[in-house]
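Right, one structure below, let's go through it.
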Amino acid sequence: MNIQIILENYFKWSMRVVVVCLFIGLALQALFKMEGLLSLGLGILLFIPVGRVCLTLYSAIKGKDRGLLILSAAVLAGLAISLLIGLLFKPLE
Amino acid sequence: MSILIMVFVSFLAGTLGSMLGIGGGIILVPVLTQFYHVDIKTAAVASLVSIVATSASGAEKFVRSGLANFRIATFLEMGTVAGAITGFFLFGRLTPKSLYFIYAGFLFFSLLTIFKNKSTSPLSTTDKTADYFSLHGSYTLNNTLQFYKVSHSVGALVVMYFAGILSALLGIGSGILKVLAMDNLMKLPIKVSSATSNFMIGVTAAASALAYYFSGQVSMTLTPAVVIGIFFGAQLGTVLMPKLPPLVIRTLFATLLLLTGVQMFMKGWSL
């Protein structure tokens with residue numbers, strides 16, 4: 001399948017999942033002070049761009065496109081570093 | 001502030017932001033800090049997460065239109081992601097006072113760019129980096145395939161680094177800086193530069209938002225309400241935008257930037 005069609009469907013469906021999670025999550029938070037679904041919804045949301053870069057990387061590997069492979073691997077590495085520093089560094093108060 | 005009010009305020013910011021062709025963050029952060037006394041850092045992080053949502057919802061449209069250049073977006077994202085990581089470290093070290101001043105400075109800078117004429121003449125200079133990564137592309141305009149060449153890609157990458165820092169610090173998408181760099185340095189057609197900028201804003205925002213999320217700096221009370229409000233507001237703004245004359249949009253945008261810029265400066269001064 002064409003990468004353009006994959007990306008279109010990817011964005012469409014992932015955003016639907018996030019919106020549903022956030023709506024139900026907000027209701028659960030207001031009614032029962034439960035934050036689990038909200039946290040999950042935001043987590044999925046933040047990983048949507050990561051997934052997009054992974055799809056670009058996949059298309060680069062499949063198409064044996066060296067230039068795009070280097071670029072998408074560099075961006076993915078940057079996002080992984082960002083995630084890692086988030087886990088390792090706590091905010092200064 | 002109750003959840004419903006937060007959703008409503010974000011909805012208005014998202015509608016207005018989308019009508020003006022900018023993200024809702026640049027409006028939302030000043031409103032939350034000025035009128036609802038939300039801490040600037042909390043507001044900026046919530047805004048950053050909402051940018052990921054608006055970018056992801058708009059990305060589908062940009063992919064379908066064929067205007068966004070994936071290769072240029074991925075190339076420039078190397079700069080914005082590196083900048084966002086730097087911004088994350090600076091965010092913890094900067095005082096709210098300095099953030100207010102940076103915000104005001106950015107708003108005044110954006111104001112200057114509104115009435116600037118867009119560069120349209122393509123350069124014929126060769127760019128080895130652009131050649132190596134095959135950044136040149138094409139798009140369809142009036143059923144005709146238009147080709148464009150990219151220049152000064154390394155210069156644009158440096159600008160993207162600073163765009164990434166500003167995005168992480170202020171909770172904005174830095175679309176203005178991105179489009180400026182793509183227009184003036186890379187000499188991309190305006191439609192391609194704005195579509196590519198919108199397409200890559202999500203990765204820029206996610207780079208620092210991931211770090212904020214995993215370091216526990218994302219407010220679970222404010223952020224989901226802001227995300228939902230801005231997301232739906234942006235959908236309405238896209239419908240309303242074509243109904244407004246461009247001059248009205250520009251004047252509205254300029255007034256808004258001037259007012260919020262002055263307010264942010266005064267708030268920073270008073271701290």
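Residue numbers begin at 1 in each chain, while the letters A, B, ... track the order of the sequences.
For Phe91(B), no part lies near chain A; criterion is any non-hydrogen pair under 4.5 Å. Heavy atoms closer than 4.5 Å to chain B are found in the side chain of Ile48(A), but not in its backbone. Contacts of Arg66(A) with chain B are made by side-chain atoms alone, with heavy-atom separations under 4.5 Å and no backbone atom involved. In this structure, chain B has no heavy atom under 4.5 Å from any part of Tyr10(A). Using a 4.5 Å cut-off between heavy atoms, Ser72(A) contacts chain B through both its backbone and its side chain. Both the backbone and the side chain of Ala56(B) come within less than 4.5 Å of a heavy atom in chain A. Of the atoms belonging to Val227(B), it is side-chain heavy atoms, and not backbone ones, that fall under 4.5 Å from chain A. Using a 4.5 Å cut-off between heavy atoms, Thr74(B) contacts chain A through both its backbone and its side chain. Using a 4.5 Å cut-off between heavy atoms, Ser55(B) does not touch chain A at all.
Residues His136(B) and Asp131(B) have side chains that bring a donor and an acceptor to within less than 3.5 angstrom of each other.
A donor-acceptor distance shorter than 3.5 angstrom exists from the side chain of Thr33(B) to the backbone of Val29(B), with no hydrogens or angles considered. Judged by distance alone, the side chain of Thr54(B) and the main-chain N or O of Ser50(B) form a donor-acceptor pair under 3.5 Å. The backbone N or O of Leu188(B) sits nowhere less than 3.5 Å from a side-chain atom of Lys149(B) that would complete a donor-acceptor pair. Within the 3.5 Å criterion, the main-chain N or O of Thr95(B) finds a donor-acceptor partner in the side chain of Ser98(B). With Thr86(B) contributing its side chain and Ala82(B) its backbone, the two residues share a donor-acceptor pair below 3.5 Å.
Residues passing the ring pair (Phe, Tyr, Trp, His ring centres under 6.0 Å) test with Phe70(B) are Phe199(B), sequence neighbours excluded.
Listed options Ala77(A), Ala74(A), Gly67(A), Ser39(A) were ranked by heavy-atom pairs under 4.5 angstrom with chain B; first place goes to Ser39(A). Interface check for chain B: of the options Val53(A), Leu42(A), Val19(A), the most heavy-atom pairs under 4.5 Å are formed by Leu42(A). Note: Ala207(B) leads Ala84(B), Ala207(B), Ser208(B) in heavy-atom pairs under 4.5 Å with chain A. For the set Phe75(B), Tyr132(B), Phe133(B), the entry with the most heavy-atom pairs within less than 4.5 Å of chain A is Phe133(B). Among the candidates Leu26(A), Val18(A), Thr56(A), the residue making the largest number of heavy-atom pairs closer than 4.5 Å to chain B is Leu26(A).
Applying the salt bridge (charged side-chain N to carboxylate O under 4.0 Å, His left out) rule to pairs touching residues 70-90 of chain B yields Arg52(A)-Glu77(B), Asp65(A)-Arg71(B), sequence neighbours excluded.
The distance from the CG atom of Leu166(B) to the OG1 atom of Thr204(B) is 11.5 Å, given to the nearest 0.5 Å.
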